[in-house]
Protein chains: 2
Amino acid sequence: MPDDDEFNLLDFLPYLLNQAAEESSTAFHKVYKDRYGMLRTEWRVLFHLGMYGDLTAKEIALRSRTHKTKISRAVAALEKRRFLTRTRDTRDKRHEILNLTAAGQSAYLDLRSVAQSYHKDLISQFSEQDAKRLRDMLRRLARTD
Amino acid sequence: MPDDDEFNLLDFLPYLLNQAAEESSTAFHKVYKDRYGMLRTEWRVLFHLGMYGDLTAKEIALRSRTHKTKISRAVAALEKRRFLTRTRDTRDKRHEILNLTAAGQSAYLDLRSVAQSYHKDLISQFSEQDAKRLRDMLRRLARTD
DNA sequence: GGTTGTTAGTTACAAAATCAACTATTACTC
DNA sequence: GAGTAATAGTTGATTTTGTAACTAACAACC
């Protein structure tokens with residue numbers, strides 16, 4: 001937005017980010033929905049467990065900046081599909097440690113490779129340097145550093 | 001994602017974009033919700049009308065890449081709050097031309113200035129050149145060129 | 001050791017988004 | 001000009017999300 005008076009919606013960063021996010025997510029969304037009947041929070045939980053190993057719901061909520069009720073429902077759905085199991089922590093019975101089952105692990109690996117190929121497709125339109133710049137700027141905006 | 005085997009969720013572009021979008025939208029969301037009781041699609045409709053003048057619902061749906069039912073409900077809500085009026089096109093009675101009322105115009109101007117200031121805050125953490133690069137890359141990803 | 005506070009997670013109810021079917025109007029085609 | 005297709009927009013049923021209140025377990029304090 002170079003000029004004060006000339007506001008352009010298409011330059012407004014939150015709008016632009018939302019449009020880009022939506023556009024870039026659609027294709028992947030279709031895959032995990034069609035292939036595994038998953039919702040957005042469900043694949044996120046799956047990926048967090050697949051990437052970082054066994055975690056509690058709380059830890060996933062923190063890492064993904066997602067509200068605990070969303071996580072709670074996603075965990076219930078994944079459990080129902082036998083993609084994960086819960087184990088109560090004997091030391092502190094409030095905590096449930098979540099583990100991917102073999103089926104969950106295999107869904108994760110499958111979707112991870114899909115994600116990787118979508119990512120490559122998206123990023124290939126930029127130079128390596130620009131891709132790095134983009135990633136760094138988005139991380140700052142997402143405050144996930 | 002430099003290495004094939006080392007997938008990192010925090011580098012996955014659609015995820016990163018979603019996180020950045022959510023993070024950067026929260027504060028503005030609160031403003032239009034608290035001040036005018038608007039939803040996301042409602043401010044988008046308001047902004048499209050404010051920026052581009054009188055449009056039909058269809059045109060807004062196209063420009064904002066939003067489903068027509070969402071637009072339909074947003075228009076109904078804005079009409080109820082007397083932020084816009086509809087005029088049936090006499091040439092083609094299927095079209096309704098939407099116009100902001102004075103109240104709608106004033107809400108638009110108010111929110112626009114809020115948006116501008118949020119935008120400036122967000123963008124100020126980057127150099128002018130990086131900001132331009134970011135905008136251009138996001139536009140390409142959003143395919144809004 | 002009982003009261004108070006905090007934390008992990010769930011549930012219930014209301015609000016919102018999605019999807020498909022619908023009406024009304026115009027365009028196309030024979 | 002009758003029949004079919006296409007377009008603008010709405011509505012209703014279902015799913016998903018958001019908000020707040022809830023249970024259960026633990027911690028801290030006196």
Side-chain angles (χ1 to χ4, degrees), chain A residues 18-19 21-23 25-26 29-30 32-34 36-46 48-49 54-81 84-99, chain B residues 18-19 21-23 25-30 32-34 36-46 48-49 54-81 84-99:
Chain A
N18 269 291
Q19 296 292 97
E22 218 165 294
E23 186 68 32
S25 301
T26 307
H29 179 271
K30 191 168 163 37
Y32 61 71
K33 191 187 161 190
D34 287 357
Y36 299 101
M38 282 188 200
L39 299 176
R40 205 201 302 211
T41 313
E42 291 167 33
W43 83 256
R44 288 188 176 189
V45 168
L46 187 83
H48 276 272
L49 290 173
D54 306 341
L55 299 167
T56 67
K58 175 72 180 177
E59 286 164 339
I60 299 175
L62 276 177
R63 284 166 186 265
S64 65
R65 294 166 184 273
T66 307
H67 196 274
K68 61 181 181 172
T69 60
K70 265 173 134 177
I71 302 290
S72 172
R73 290 194 254 246
V75 167
L78 290 172
E79 188 188 28
K80 202 170 177 183
R81 285 186 201 106
L84 62 76
T85 58
R86 320 184 193 216
T87 321
R88 221 162 247 299
D89 188 344
T90 47
R91 258 185 286 259
D92 185 339
K93 288 175 200 154
R94 289 172 304 182
H95 297 80
E96 292 183 332
I97 295 150
L98 307 172
N99 317 271
Chain B
N18 269 290
Q19 297 291 99
E22 218 165 294
E23 186 67 32
S25 300
T26 308
F28 185 52
H29 178 273
K30 190 166 164 36
Y32 60 72
K33 190 185 163 194
D34 287 358
Y36 299 101
M38 282 189 202
L39 300 175
R40 204 204 300 217
T41 313
E42 291 167 31
W43 83 256
R44 286 187 177 191
V45 168
L46 187 83
H48 276 273
L49 290 173
D54 306 341
L55 300 166
T56 67
K58 174 72 180 176
E59 286 164 340
I60 298 175
L62 276 176
R63 285 165 186 266
S64 65
R65 297 168 182 270
T66 308
H67 197 275
K68 60 180 180 172
T69 60
K70 266 171 137 179
I71 301 290
S72 173
R73 289 185 162 117
V75 167
L78 290 172
E79 190 188 26
K80 202 170 178 183
R81 282 184 205 109
L84 61 76
T85 57
R86 320 183 193 218
T87 322
R88 222 163 247 299
D89 187 343
T90 46
R91 260 185 285 260
D92 186 338
K93 287 174 201 155
R94 288 173 305 184
H95 297 81
E96 291 183 334
I97 296 151
L98 306 171
N99 318 269

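Chain A is the first sequence line, chain B the second, and so forth, proteins listed ahead of strands; every chain is numbered from 1.
- In this structure, CG in B:Leu49 is found 7.0 Å from CG in B:Asp54, a value given to the nearest 0.5 Å.
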Would you mind building the protein contact string for nucleotides 18-29 of chain D? One character per nucleotide, 5' to 3', B for base within reach (heavy atoms under 4.0 Å), S for sugar-phosphate only, - for untouched.
BBB----BS---

Between side-chain atoms of residues 67-74 of chain A and protein atoms elsewhere (two or more places apart, or another chain), which donor-acceptor pairs fall under 3.5 Å?
| unit_1 | atom_1 | unit_2 | atom_2 | d |
| --- | --- | --- | --- | --- |
| A:His67 | ND1 | A:Thr69 | N | 3.2 |
| A:His67 | ND1 | A:Thr69 | OG1 | 3.1 |

If you look only at distance, which donor and acceptor atoms sit under 3.5 Å apart when one is on a side chain in residues 36-46 of chain B and the other is two or more places apart or in another chain?
| unit_1 | atom_1 | unit_2 | atom_2 | d |
| --- | --- | --- | --- | --- |
| B:Tyr36 | OH | B:Asp110 | OD2 | 2.5 |
| B:Arg40 | NH1 | A:Asn18 | OD1 | 2.9 |
| B:Glu42 | OE1 | B:Leu39 | N | 3.4 |
| B:Glu42 | OE1 | B:Arg81 | NH1 | 2.7 |
| B:Trp43 | NE1 | B:Tyr32 | OH | 3.2 |
| B:Arg44 | NH1 | A:Gln19 | OE1 | 3.1 |

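- In the region residues 36-45 of chain A, proximity to DNA chain D at under 4.0 angstrom, judged on heavy atoms, holds for A:Leu39.
- If you take CD1 of B:Ile71 and C1' of D:dT11, they are 17 Å apart, rounded to a whole angstrom.
- Atom NZ in A:Lys30 sits roughly 15 Å away from atom C1' in C:dT18 (whole-Å rounding).
- At whole-Å resolution of the value, CG in B:Leu84 and P in D:dG9 are 12 Å apart.
- Here B:Ser72 reaches the OP1 or OP2 of D:dT10: one of its side-chain N or O atoms lies under 4.0 Å away.
- As a whole-Å value, the separation of B:His95 NE2 from D:dT7 C1' is 8 Å.
- Atom pair A:Leu78:CG and C:dT10:C1' shows a separation of 16 Å (rounding to whole Å applied).
- Summarising the geometry of B:Glu22 relative to A:Arg65, their closest heavy-atom pair is OE2-O, 4.4 Å, with the distance given to 0.1 Å.
- Side chains of A:Val75 and A:Arg86 form a contact here, defined as non-hydrogen atoms less than 4.5 Å apart.
- In this structure, B:His95 has no ring-ring contact (aromatic ring centres under 6.0 Å, His included) partners at least two apart in sequence or on a different chain.
- Not counting sequence neighbours, the partners of B:Asp92 by the salt bridge (Lys or Arg N to Asp or Glu O under 4.0 Å) test are B:Arg94.
- Rounding to whole angstrom units, NZ of residue B:Lys58 and P of C:dT25 are separated by 19 Å.
- Atom CG of B:Leu55 is separated from atom CG of B:Leu62 by 10.5 Å, given to the nearest 0.5 angstrom.
- Between the CG atom of B:Leu78 and the CG atom of B:Leu98 there is a distance of 9.0 Å, given to the nearest 0.5 Å.
- Rounded to whole Å, atom P of D:dT10 lies 14 Å from atom NZ of B:Lys80.
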